[in-house]
Amino acid sequence: MAVTRKDWFPEQLSIGARVRWQEREWEVVAWQGPQVTLVPQDGGEAPRAVSYRWLVSGESFAVLGTGGRAPAAGGTVLGWGRREGREEEAGLWQARMVEIDTGLAPGAQEPQQGFGPGTTLAQRCAAMSARLAADGIRCSAHTLADKRRAWKAAGENPAVLLPRQRDKRPGGFTDPRCLGAMQEVVARRAHTSDVTIDVIREEVEDLLRSRYGHEFDDPAAAVALLPSRSTFYLRMKESGLADALVRPVRARAALASTPPLPHGGRETVLRPGQVTQADTTPLRILACGDDGRPTATEMTVLIDVASHSVCALMITPSRTGDAESRQTGQATRAIDLTLMLAQAFAPWPVMPGWDPLSAAAASSLPFGALRAADERFTKATAARPLIRPELIVYDQGSPYVSEHFTEVCDRLHIARRPARKKTPTDKPLAEHFFTTLAHRFSQHVTHGWQGRSHKKRGRGIDRMPLYTIAELQQMAQEWVALEYQQTPDAGLRDPFRPHVVLSPNDMYAVQIARSGYRPVPLSPAQNRFFLIPRWVTPGKSGFMINYRTYQPIRQDAGHYREILLRGGSKLPGRAGKWECRFNPYRPERVWLYDHTTGTWVTCDFRLRHLLGDPWTADMWQEHAELHQAAGGSEQDEEAIALALAQRDRRRRSRRPPPKRTRAEPPFQGLDLETEQPSQDPYAGLKEFDLSTLRPYPAQPISPLAPPPVAAPPALLAGTGGADRPSDNGQAPHPLAALFPDDGDGSLPDASTAATPAAAYEVVEAELLDNLDPDGDDEDEDDVWEM
């Protein structure tokens with residue numbers, strides 16, 4: 001028999017109950033405040049969230065079954081769930097609150113004394129308190145007012161009216177100082193051999209006597225401070241210290257070194273990007289380095305906590321320094337972290353040769369909605385969500401606390417929180433991702449996989465054909481988009497379908513529908529702030545970075561001259577230097593920042609024409625050290641550039657090496673869009689008919705016009721005109737055309753540096769208008785007879 005609306009209690013409308021509403025059967029799956037979430041039994045539509053009052057006031061509403069399931073997470077109201085076996089008590093309190101709120105008891109026709117229409121809420125609470133006191137229940141009027149306030153805030157849910165069960169006091173009535181001493185002694189014994197609880201009790205007693213010896217003079221105080229033997233055993237078992245004593249030494253040491261959770265516990269994450277975790281670890285895959293030799297690798301990953309999605313990852317070379325050969329070490333740097341961070345602000349494209357299922361259009365991502373909101377999403381976008389991090393939990397490695405990474409995070413408004421030292425539990429998702437990577441990706445890279453340890457390493461790893469770091473980067477990105485993001489994770493559940501296990505892409509689709517998506521595209525000028533900063537002093541011949549001279553390109557030569565005419569930058573604490581940004585994986589071009597106008601000046605390496613193959617700042621430093629070891633100078637950039645160019649020429653001219661030692665292009669890192677898109681000057685013009693072209697008539701030349709002055713040649717990119725020798729046999733200065741020499745070696749004045757061509761045009765026009773200055777117009781032909 002179904003429970004009708006006349007004989008049901010609101011407490012029976014709980015999680016799992018079946019109701020009839022709007023002539024259909026529904027199941028209650030969630031109850032949050034005044035909102036009740038219903039799921040249709042016939043599966044005709046999606047779950048609906050309705051108001052509790054609107055639900056129970058329906059004409060066809062009826063409770064068909066209370067259900068036997070316990071409330072799920074989120075199905076409680078202010079920490080109160082169902083009270084099994086207390087439905088009658090909840091119904092009584094519900095009737096009392098209704099009478100206090102309305103003045104009329106449920107089912108009554110006339111109000112009781114003290115609950116009439118003219119009474120106030122305080123008077124009704126006092127009358128109800130007197131009635132309860134007559135029945136032997138002590139409850140003051142203030143308590144009833146507080147109960148009514150909580151009852152109204154919970155959507156008139158009677159569960160909040162029941163007395164809350166008090167939690168058992170931890171440690172009972174044992175002195176807290178004794179409990180602290182027990183934990184201290186057990187932690188002290190973490191690295192020693194196992195002992196019994198009797199030994200622990202003796203050490204606890206000695207510790208308490210050394211600290212509070214004066215209290216042991218009183219027998220009553222001594223008993224209160226140190227419990228009996230049986231109580232001590234009970235407290236050891238309740239606190240878990242007895243179980244910790246029987247663990248192995250390694251487990252006890254790890255447990256003792258684990259600090260408490262920061263900030264009062266783990267936070268609740270509700271939207272993508274709210275909290276992310278970053279970590280770096282050895283990849284255990286050998287790769288082919290820039291010099292063609294096997295090199296170790298490291299991986300840095302950025303994981304979203306809400307959806308477990310990989311926001312970005314970066315693979316970099318890693319090697320230890322060698323004191324004998326003077327070879328410096330190499331590991332993940334701040335520029336690698338910023339390049340990894342840049343991946344989180346742009347969709348990753350599908351590379352040629354990838355599986356078609358790795359595209360976002362073929363995945364469970366809401367591709368249509370994302371494409372409508374962000375035009376950067378195309379059919380060639382990889383199935384990896386675009387998540388902008390708001391908070392990054394990082395370890396305390398030197399790249400993460402560097403000035404460059406901190407500056408980039410502050411510019412992008414990204415908060416940072418360091419994890420505690422030797423505490424991998426502060427970033428468990430990143431740590432677990434590396435284990436997943438080793439099992440599901442690294443061991444399938446047969447060329448270079450070193451195994452989990454040296455005991456499980458195969459033979460001849462360094463003699464097999466290895467992948468380059470750029471190829472490993474692309475393989476890892478494809479694996480993330482194709483397998484990791486689309487594999488169900490047991491830790492991801494839909495609140496409306498808790499029995500369904502979701503993948504990171506599925507969880508992102510569920511969360512992005514609630515939190516929304518807003519694209520944050522970065523322009524090429526903004527991307528340049530991801531690069532490494534250097535403070536330089538511009539001069540006539542350019543400026544130097546790591547003993548490499550950079551000069552402005554032809555289009556920005558005028559802007560560079562304006563910077564020189566201003567003198568110093570006048571920035572506090574910079575000694576007149578100007579900010580410059582460069583990419584160590586693309587060092588042939590840098591950008592000088594003009595903070596006065598907020599614009600950039602593009603500059604190229606002076607000897608760029610000598611280096612046709614890709615090169616990096618690490619390769620330049622390597623050849624500089626070799627040149628210095630041979631007796632040369634580190635500042636001889638021409639010799640270093642020629643040595644670097646000859647290395648590439650030898651590699652191309654010699655016989656092709658075998659596959660196991662093949663030479664590969666160097667690691668180039670992430671290619672940021674730092675170049676402005678070129679504009680077509682002829683765009684929008686109609687097709688010109690050459691048949692309509694007519695020769696322009698020759699203009700007469702005035703003999704009184706000044707001789708034409710040749711325009712100063714524009715500064716060439718790279719050479720700056722250094723190949724043209726001057727009269728004294730020396731090569732002219734690269735910026736000599738922009739700075740005419742007046743003999744004293746000083747900078748020219750901006751007002752007299754160059755005479756505008758418009759002034760000559762005005763003089764010529766005046767001479768043509770008045771050819772006879774004496775006013776004699778009779779003999780006009782004499783002017784041209786000279």
Side-chain angles (χ1 to χ4, degrees), residues 311-312 314 333-349 373-378 386 388-390 402-414 518-538 542-543 545 548 550-566 568-571 574 577-605 608 617 668-681 683 714-715 717-718:
C311 303
M314 191 73 177
R333 298 169 293 187
I335 181 62
D336 300 320
L337 297 182
T338 54
L339 293 179
M340 178 204 66
L341 195 61
Q343 297 181 19
F345 285 82
W348 191 268
D374 194 348
E375 59 182 6
R376 296 177 297 174
F377 280 89
T378 62
L386 182 60
R388 179 186 180 275
E390 301 177 13
S402 62
E403 182 180 357
H404 176 48
F405 184 70
T406 304
E407 176 197 358
V408 172
C409 291
D410 293 342
R411 188 179 296 273
L412 297 175
H413 304 286
I414 299 177
R518 184 182 66 177
V520 187
L522 299 178
S523 62
Q526 293 173 333
N527 282 336
R528 292 167 187 165
F529 286 104
F530 283 93
L531 307 180
I532 296 180
R534 285 291 186 272
W535 292 91
V536 298
T537 303
F543 54 88
I545 297 179
R548 296 187 301 269
Y550 290 89
Q551 297 174 347
I553 61 176
R554 178 182 302 177
Q555 292 81 358
D556 294 346
H559 192 179
Y560 184 81
R561 182 176 181 272
E562 293 178 2
I563 292 179
L564 293 185
L565 292 176
R566 293 195 193 110
S569 62
K570 298 180 178 59
L571 292 176
R574 294 301 178 182
K577 295 184 178 182
W578 297 76
E579 181 182 1
C580 182
R581 298 278 176 165
F582 79 102
N583 187 354
Y585 301 117
R586 301 283 199 281
E588 64 272 4
R589 171 162 289 186
V590 300
W591 291 270
L592 187 66
Y593 184 64
D594 186 2
H595 61 276
T596 59
T597 59
T599 55
W600 298 86
V601 177
T602 306
C603 303
D604 283 349
F605 178 42
R608 182 179 182 179
Q668 298 294 332
L670 179 65
D671 188 10
L672 289 177
E673 294 182 0
T674 54
E675 299 289 344
Q676 298 287 351
S678 58
Q679 302 292 337
D680 186 7
L715 181 63

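Quick note: numbers below take in every heavy atom, side chains included, and nothing from hydrogens, waters or symmetry partners.
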Novice: Tell me, do Ile553 and Arg589 make a side-chain contact under 4.5 Å, heavy atoms counted?
Specialist: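 Yes, their side chains come closer than 4.5 Å.
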
Novice: Just how far is it from atom CD1 of Ile335 to atom CE of Met340, taken to the nearest 0.5 Å?
Specialist: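 If we round to the nearest 0.5 Å, Ile335:CD1 and Met340:CE are 11.5 Å apart.
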
Novice: Would you indicate whether the side-chain heavy atoms of Cys603 and Gln551 approach each other to under 4.5 Å?
Specialist: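 No. Closest side-chain heavy atoms not under 4.5 Å.
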
Novice: Could you tell me whether Glu407 and Arg581 make a salt bridge, using a distance below 4.0 angstrom between a side-chain N and a carboxylate O?
Specialist: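 Yes.
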
Novice: In the structure I gave you, are the side-chain heavy atoms of Pro587 and Tyr550 within less than 4.5 Å of one another anywhere?
Specialist: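 Side-chain contact under 4.5 Å: yes.
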
Novice: Which atom pair, heavy atoms only, marks the closest approach of Ile414 to Phe345?
Specialist: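 Closest approach of Ile414 to Phe345, heavy atoms only: CD1-CZ, 4.2 Å.
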
Novice: Restricting to salt bridge (Lys or Arg N to Asp or Glu O under 4.0 Å), what partner residues turn up for Asp556, sequence neighbours left out?
Specialist: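 Expected list: none.
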
Novice: Give a yes or no on whether a salt bridge exists between Arg534 and Glu579, defined as a side-chain N under 4.0 angstrom from a carboxylate O.
Specialist: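 Salt bridge flag = no for Glu579 with Arg534.
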
Novice: Test Leu592 against Thr602 for side chain to side chain contact (heavy atoms under 4.5 Å, CB included), laying out the working first.
Specialist: CA-CA 6 Å; Leu592 187 66; Thr602 306; over 6 Å; no

Novice: Salt bridge between Asp604 and Arg554, side-chain N to carboxylate O under 4.0 Å?
Specialist: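 Salt bridge: no.
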
Novice: Are side-chain heavy atoms of Leu564 and Arg561 found at a separation under 4.5 Å?
Specialist: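 Leu564 vs Arg561: side chains apart.
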
Novice: Hey, would you say the Phe529 and Trp600 ring centroids sit under 6.0 Å apart?
Specialist: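 Yes; Trp600 has its ring centre under 6.0 Å from that of Phe529.
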
Novice: Are the side chains of Met314 and Gln343 in touch, meaning some heavy atoms are under 4.5 Å apart?
Specialist: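 In contact.
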
Novice: Answer whether the closest heavy-atom distance between the side chains of Leu672 and Leu339 falls below 4.5 Å.
Specialist: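 Yes, at least one pair of side-chain atoms sits under 4.5 Å.
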
Novice: Do His559 and Thr597 touch side chain to side chain, with heavy atoms closer than 4.5 Å?
Specialist: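 Heavy-atom side-chain distance check passes, below 4.5 Å.
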
Novice: Give the minimum heavy-atom separation between Pro389 and Leu341, together with the two atoms involved.
Specialist: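 So the minimum-distance heavy-atom pair works out to CG-CD1, 4.1 Å.
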
Novice: Closer than 4.0 angstrom, basic N to acidic O: yes or no for Glu390 and Arg388?
Specialist: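 Salt bridge between Glu390 and Arg388, a charged N being under 4.0 Å from a carboxylate O: no.
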
Novice: Do Tyr560 and Asp594 have a side chain donor and acceptor closer than 3.5 Å?
Specialist: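 Their side chains do not contain a donor-acceptor pair, so the 3.5 Å distance test is not met.
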
Novice: Nearest 0.5 Å, what's the NE2-OG distance between His595 and Ser569?
Specialist: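 Spacing of NE2 (His595) from OG (Ser569) equals 5.5 Å.
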
Novice: Any side-chain heavy-atom pair from Gln526 and Arg528 closer than 4.5 angstrom?
Specialist: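 No, their side chains stay 4.5 Å or more apart.
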
Novice: Any donor and acceptor pair, going by atom type alone, linking the side chain of His404 with main-chain N or O of Pro533 inside 3.5 Å?
Specialist: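 Judged by distance alone, no pair lies under 3.5 Å.
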
Novice: Rounded to the nearest 0.5 Å, what separates atom CZ in Phe543 from atom OG1 in Thr537?
Specialist: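 Answer rounded to 0.5 Å: 10.5 Å.
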
Novice: Mind running side chain to side chain contact (heavy atoms under 4.5 Å, CB included) on Asp336 and Tyr585 for me, showing each step along the way?
Specialist: CA-CA 10 Å; Asp336 300 320; Tyr585 301 117; 2.5 Å; yes

Novice: Using side chain to side chain contact (heavy atoms under 4.5 Å, CB included), reason through Arg376 and Leu386 one step at a time and then give a plain yes or no.
Specialist: CA-CA 11 Å; Arg376 296 177 297 174; Leu386 182 60; 3.4 Å; yes

Novice: Show your reasoning for whether side chain to side chain contact (heavy atoms under 4.5 Å, CB included) applies to Cys580 and Trp591.
Specialist: CA-CA 6 Å; Cys580 182; Trp591 291 270; 5.9 Å; no

Novice: Sub-3.5 Å donor-acceptor pair from the side chain of Thr338 to the main-chain atoms of Phe530, do we have one?
Specialist: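 The answer is yes, because a donor-acceptor pair under 3.5 Å joins these two groups.
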
